[in-house]
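Here is the structure we will look at, set down as structure tokens.
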Number of protein chains: 2
Amino acid sequence: MREINDFKQVKSYLSAYQIESIFNEQILPHLSLYTFEQGEFICSQGQASQYLYVLVKGKIKVYTTSAEGRTLILSFKTPLEVIGDIEYVQDINIINTVEAVSSVQMIGVQYHWLRKYGRDHAPLLQFLLDIITQKFHLKTNSMSFNLLYPVEVRFASYLLSVSFNESDSLNKEQLRISIKDAANFIGTSYRHLNRVIGQFCTEGLIERNKGFILVKDREGLRALAGDNIYE
Amino acid sequence: MREINDFKQVKSYLSAYQIESIFNEQILPHLSLYTFEQGEFICSQGQASQYLYVLVKGKIKVYTTSAEGRTLILSFKTPLEVIGDIEYVQDINIINTVEAVSSVQMIGVQYHWLRKYGRDHAPLLQFLLDIITQKFHLKTNSMSFNLLYPVEVRFASYLLSVSFNESDSLNKEQLRISIKDAANFIGTSYRHLNRVIGQFCTEGLIERNKGFILVKDREGLRALAGDNIYE
DNA sequence: AACACTTCAGGACATATGTCCTTTCCAAGA
DNA sequence: TCTTGGAAAGGACATATGTCCTGAAGTGTT
């Protein structure tokens, strides 16, 4: 983590995401911009939490590790997103580990200042409400999805969702997905996911070349996934 | 659903749960008390939502039905709880079906009035934030729990959690649990749950007599469930 | 009591998924 | 160039879970 002393940058992010109003005059001076390198932890499960972060650039993953050491990825997130909100409101330790997937920039504020100056600031409260309800809704969906459908369907949905987002950038159909990550996200074992991938290849839905996955039949995947997409 | 015109009653509930402040003077006159009979629907997945309800008495269950008709119970809830909060904030249709498990009383307000008079009322916003973050936290837990552990463990946890709450009342250890409900809650099939129940009986953890389940070895269950309890 | 009807318990089998291992391959570093 | 470590792919097997079906037992109705 590196702190960047560039208040202009902070302001410009706030303005870009139209959230200037959520921090009032008293809080503004206590905002800082932080950079995290790829693979760096933004926060770790179980630790005490001190900062509310607003993700403004890059991509992060949120996951939990069970007592037995198994990992379950709860979500990948891109701006605009907030980390530490639940912990702030509930005043509890960090629930999930958050790790930078790419290089990441976040605006951070200490709870301290939020408690002091933000408790009754309606725009902030509304903003948090909005973000958290979104998260909740999304989680509700993925939870029922995970419990109701087999790995095959979940993976098809995952592929669609990921390829959609990624392909914004460059490589239209070629995806560099980490199969391990995918397995943890879907809540299955690496082995089994591999099996399903093999099956998809046989069926001509996808193709794989050394670590990459090429979506060949988007419609076929969609048919498999049904309407259910990790939104 | 039956509307009860008893403003005193409403006031007394608000006071009992120490939430008088969340509704301001303008909103108060628009609060009503509603009664739902056992088995009655409070709201149904996909419908347009109009009311924010505060559960003040009784027990409800929240569940979702997949396109294929499978049911997944997301939670059982007792006061103090709010229904329709996510929908209110996000302005979307009802996400999950909510059904009265016992006879139930709820305080209801139309979104209309909340939008008009409550948008900037910090105590209301704080209250919603608090409730929703709790829900979120709980859901996060149960989601990872469901994905990370086998039915055996989940059911043990379920039994502990349910027997704990129920036994507050009368029958110390005797539980009338609906096995179907339990199966849907855990996200498994009736058949399989039955199998696990049989196994638990063999191991002397529980005993069953015609539809009831008797917890015999709470410690054994706890050992199986580990620390993980549906909170 | 006799009947139809539902719920409950469980058998038999198929499928989904997990665990453990082995082999291959490729890339980073000595 | 030669290791060496780790990712990738998949074989073999065990286990967890789902589906379909059947028979027993309870419940209400006539």
Side-chain angles (χ1 to χ4, degrees), chain A residues 38-39 65-73 101 144-159 174-203 205-214 224-226, chain B residues 39 65-73 144-158 174-203 205-214 224-226 228:
Chain A
Q38 175 170 354
T65 306
S66 72
E68 293 76 11
R70 285 186 62 194
T71 293
L72 177 67
I73 297 186
V101 172
S144 16
F145 194 45
N146 278 326
L147 277 146
L148 252 19
Y149 298 92
V151 168
E152 198 183 321
V153 176
R154 286 182 263 156
F155 184 56
S157 166
Y158 178 79
L159 279 179
Q174 188 90 289
L175 295 177
R176 177 203 275 103
I177 72 159
S178 155
I179 297 185
K180 268 186 195 162
D181 273 5
N184 286 332
F185 183 70
I186 291 173
T188 188
S189 64
Y190 177 86
R191 176 66 189 92
H192 186 60
L193 182 53
N194 229 331
R195 202 155 16 210
V196 172
I197 290 178
Q199 178 190 327
F200 279 15
C201 286
T202 306
E203 294 166 0
L205 294 169
I206 61 178
E207 220 169 69
R208 69 174 147 197
N209 1 10
K210 39 186 171 170
F212 290 78
I213 284 192
L214 176 68
L224 238 179
Chain B
T65 306
S66 73
E68 291 77 12
R70 287 186 61 193
T71 294
L72 176 68
I73 297 185
S144 16
F145 194 45
N146 277 328
L147 278 152
L148 254 18
Y149 297 92
V151 168
E152 197 183 322
V153 175
R154 286 182 263 157
F155 184 56
S157 166
Y158 178 80
Q174 188 92 288
L175 296 176
R176 178 205 274 103
I177 71 160
S178 154
I179 299 186
K180 270 184 195 163
D181 272 5
N184 287 332
F185 183 70
I186 291 174
T188 189
S189 64
Y190 177 85
R191 176 64 190 93
H192 186 59
L193 183 55
N194 229 331
R195 199 151 23 206
V196 172
I197 290 176
Q199 177 189 328
F200 279 14
C201 287
T202 308
E203 293 166 1
L205 293 169
I206 62 178
E207 219 171 69
R208 69 174 147 198
N209 1 9
K210 40 186 170 167
F212 290 80
I213 284 193
L214 176 67
L224 238 179
N228 306 280

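Lettering follows sequence order; numbering is per chain, from 1.
Here D:dA16 presents its C1' atom at 14 Å from CZ of B:Phe200, a figure rounded to the nearest Å. Here the P atom of nucleotide D:dT17 and the CD atom of A:Glu152 are 19 Å apart, to the nearest Å. Rounded to an integer number of Å, the gap from CG of A:Leu193 to P of D:dA9 is 11 Å. Distance A:Asn146 CG to C:dT17 P: 11 Å, rounded to the nearest Å. Going from atom CG of A:Leu148 over to atom P of D:dT19 covers 11 Å, rounded to whole Å. As rounded to whole Å, 16 Å separates atom P of D:dT17 from atom CG of B:Asn184. Rounded to whole Å, atom C1' of D:dG10 lies 12 Å from atom CD1 of A:Ile197. Summarising the geometry, the separation between CD on B:Gln199 and P on D:dT15 is reported as 12 Å, rounded to the nearest angstrom.
Looking only at side-chain heavy atoms (C-beta outward), B:Val196 and B:Arg154 stay at 4.5 Å or farther from each other. Taking the side chain as every heavy atom from C-beta outward, A:Leu224 and A:Phe155 never approach each other to under 4.5 Å. The shortest side-chain heavy-atom distance between B:Leu193 and B:Ile179 falls under the 4.5 Å cut-off.
Checked against C:dT17, D:dA16, D:dA7, the side chain of B:His192 finds its nearest nucleotide in D:dA16. Comparing C:dT17, C:dA9, D:dG18 by their nearest atom to the side chain of B:Arg195 picks out D:dG18. Set against C:dG18, D:dT17, D:dG10, the side chain of A:Arg208 has D:dG10 as its closest nucleotide. Side-chain atoms of B:Ser189 lie closest to D:dG18 of the nucleotides C:dG18, D:dG18, C:dT17. Nearest to the side chain of B:Asn194, among D:dA7, D:dA9, C:dG10, sits C:dG10.
Minimum heavy-atom separation, B:Leu72 to B:Phe185: CD1-O, 4.1 Å. Across all their heavy atoms, A:Asn146 and B:Leu147 have their closest contact at ND2-CD1, 3.5 Å.
Each end of the helix from C:dA1-D:dT30 to C:dA30-D:dT1 gets its own axis, taken as the rotation carrying the C1' atoms of four end pairs onto the next four within a five-pair window, and the two axes meet at 30° to the nearest 10 degrees.
For the pair B:Thr188 and D:dG18, the criterion of a side-chain N or O lying under 4.0 Å from OP1 or OP2 is met. Distances shown here put every side-chain N or O of A:Arg191 at or beyond 4.0 Å from the OP1 or OP2 atom of D:dA14.
In this structure, A:Phe145 and A:Tyr149 have tilted ring planes: the angle between them lies in the 30° to 60° band.
Rounding to the nearest 0.5 Å places CG of B:Leu214 at 11.5 Å from CG of B:Leu205.
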